[in-house]
J.: 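I have a structure I would like to understand better, so I am pasting it below and will then ask my questions one at a time.
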Amino acid sequence: MSEHSVQDAERNLTGLIDRALAGEGVVITRDGQPVATLNPIRRSGRPVTAADLDWLALWRVPVRAPAQHAGQLVSTLRDEW
């Protein structure tokens with residue numbers, strides 16, 4: 001892990017980003033105190049494949065149609081009160 005002052009980071013930002021992307025820990029300091037780190041953004045998982053979609057289709061829970069239309073249900077509940 002390397003430490004760099006804010007001024008050094010301003011002058012060498014591109015190089016520090018390259019070092020962070022290579023896996024090196026980069027810490028930015030102000031007055032000798034750590035204030036920030038440079039870390040690469042982790043990419044999300046793998047792309048979705050046709051096999052993934054097939055698996056989802058196989059395990060999907062079917063949606064049941066409501067037994068009563070929503071408007072009728074509200075009317076019934078209103079009338080019961």
Side-chain angles (χ1 to χ4, degrees):
M1 182 175 294
S2 60
E3 292 188 5
H4 304 272
S5 68
V6 172
Q7 293 79 18
D8 184 36
E10 288 175 347
R11 287 190 304 269
N12 301 310
L13 183 59
T14 303
L16 294 177
I17 289 173
D18 290 339
R19 291 168 74 171
L21 288 172
E24 180 181 339
V26 178
V27 176
I28 310 297
T29 62
R30 178 181 285 155
D31 299 326
Q33 299 298 315
V35 293
T37 61
L38 291 178
N39 301 305
I41 296 174
R42 303 283 183 238
R43 299 288 175 210
S44 59
R46 60 182 174 74
V48 176
T49 64
D52 296 330
L53 297 176
D54 292 341
W55 183 87
L56 285 172
L58 178 67
W59 290 99
R60 180 177 54 211
V61 176
V63 177
R64 288 185 247 154
Q68 190 176 21
H69 184 271
Q72 293 170 342
L73 176 62
V74 170
S75 296
T76 303
L77 290 172
R78 182 195 61 215
D79 294 343
E80 287 179 359
W81 282 54

J.: Drop me the distance from L58's CG to L53's CG, to the nearest 0.5 angstrom.
T.: 12.5 Å
J.: Return the CG to CD distance between L73 and Q68, rounded to the nearest 0.5 Å.
T.: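 Interatomic distance, L73 CG to Q68 CD, rounded to 0.5 Å: 5.0 Å.
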J.: Do H4 and L16 have side-chain heavy atoms sitting under 4.5 Å apart?
T.: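 A side-chain contact exists here, since the closest heavy-atom pair is under 4.5 Å.
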J.: Can you give me the closest heavy-atom contact between N39 and A20, atom names plus distance?
T.: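 In this case the closest contact between N39 and A20 is N-CB, 4.5 Å.
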J.: Which ILVMFWY residues are connected to M1, directly or by a chain of links, through side-chain heavy atoms under 4.5 Å apart?
T.: V27
J.: Roughly how far apart are Q72 CD and D79 CG, rounded to 0.5 Å?
T.: 11.5 Å
J.: Any side-chain to backbone donor/acceptor pair from D52 onto T49? Under 3.5 Å, distance only.
T.: yes
J.: Measure the spacing between CG of N12 and CD1 of I17 and express it to the nearest 0.5 Å.
T.: 11.0 Å
J.: When rounded to the nearest 0.5 angstrom, what is the spacing between CG in D8 and CD1 in I28?
T.: 8.0 Å
J.: How about D31: does its CG atom have over 12 heavy atoms from other parts shown lying under 6.0 Å from it?
T.: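 No, CG of D31 has 12 or fewer neighbouring heavy atoms, counting only those of other groups under 6.0 Å.
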